[in-house]
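Protein chains get the first letters and strands the later ones, always in sequence-line order, with residue 1 at the start of each.
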Amino acid sequence: MDINDRNIRLYSVIQGIPLGKVATYGQIASLAGLPGAARLVGKILSGLPADTKLPWHRVINAAGKISLPQNSDSFTEQIKRLTEEKVLICGNAIKLSEFKWRP
DNA sequence: GGAATGACTCTTT
DNA sequence: TAAAGAGCCATTC
């Protein structure tokens, strides 16, 4: 597939995350047809524009935590948005057993 | 073409 | 869930 299709799929999968749920990088990669490409997801997300429509805040690592530096603005923004969506966050960790997206 | 890098995951302990 | 080690994928230099 083209390198562009890979991004398109990732975008689609991320966009498909229902409100109030979160998904892990590996999960997204697998659903996009790229098993093991978890790092790619992070790479893509890091390149997203500030005005993107993608719910990137619903993407977290497999530990249920946010991989962003806690001193970053994106980190604060993510916490804020998740809280707005009724996703409980304990410190920097999220209860995957309750909020993880299960397609 | 090879080495380094990154918003990571998996299997064991 | 936490820690340590190895692995995987694409981009970039």
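A donor-acceptor contact shorter than 3.5 Å links the side chain of S12(A) to the backbone of I8(A). The backbone N or O of K43(A) lies less than 3.5 Å from a partner atom in the side chain of S46(A), making a donor-acceptor pair. The closest donor-acceptor contact from the side chain of T83(A) to the backbone of I79(A) lies under 3.5 Å. Looking at Q27(A), its side chain never comes within 3.5 Å of a backbone N or O of V22(A) through a donor-acceptor pair.
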Point to revise | Test log, rule side-chain contact (heavy atoms from CB on, under 4.5 Å), inputs V87(A) and I94(A) | key: CA-CA 8 Å; V87(A) 178; I94(A) 299 172; 3.9 Å; yes

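Residue K65(A) places no side-chain N or O under 4.0 Å from the OP1 or OP2 atom of dA7(B). When the side-chain nitrogen and oxygen atoms of R58(A) are compared with OP1 and OP2 of dA7(B), none of them lie within a distance under 4.0 Å.
Mapping K43(A) and A63(A) onto DNA chain B via the closest heavy atom, the residue that lands nearer the 5' end is K43(A). Residue L40(A) is the one, among L40(A) and A62(A), whose nearest nucleotide of DNA chain B lies closer to the 5' end (criterion: closest heavy atom).
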Under 3.5 Å, N/O pairs linking protein and nucleotides 11-13 of chain B:
none

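Closest approach to the L96(A) side chain among dC9(C), dT9(B), dT1(C) is made by dT1(C) (side chain taken as heavy atoms from C-beta onward).
L31(A) and W101(A) make their closest contact through CD1-CZ3, 3.6 Å (heavy atoms, listed as atom of the first residue, atom of the second, distance).
Comparing the same atom, P, in dA6(C) and in dA7(B) gives a spacing of 22 Å after rounding to whole Å.
Atom CD1 in I44(A) sits about 9 Å away from atom P in dT12(C), given to the nearest Å. Put simply, CD1 on I79(A) is 13 Å from C1' on dA7(B), counting in whole angstrom units. R6(A) has its CZ atom 6 Å from the C1' atom of dA10(C), to the nearest Å. Atom CG in L45(A) sits roughly 16 Å away from atom P in dA10(C) (whole-Å rounding). Atom P of nucleotide dC8(C) and atom CG of N61(A) are separated by 21 Å, given to the nearest angstrom. Look at CG on L10(A): it is 10 Å from P on dA10(C), rounded to the nearest Å. The separation between L34(A) atom CG and dA10(C) atom C1' is 10 Å, rounded to whole Å. As rounded to whole Å, 13 Å separates atom C1' of dC9(C) from atom CG of N7(A).
Between R58(A) and E85(A) there is a salt bridge, since at least one side-chain N of the basic residue sits less than 4.0 Å from a carboxylate O of the acidic one.
As judged by a 4.0 angstrom heavy-atom cut-off over every strand, S72(A) is placed among residues making no nucleic acid contact.
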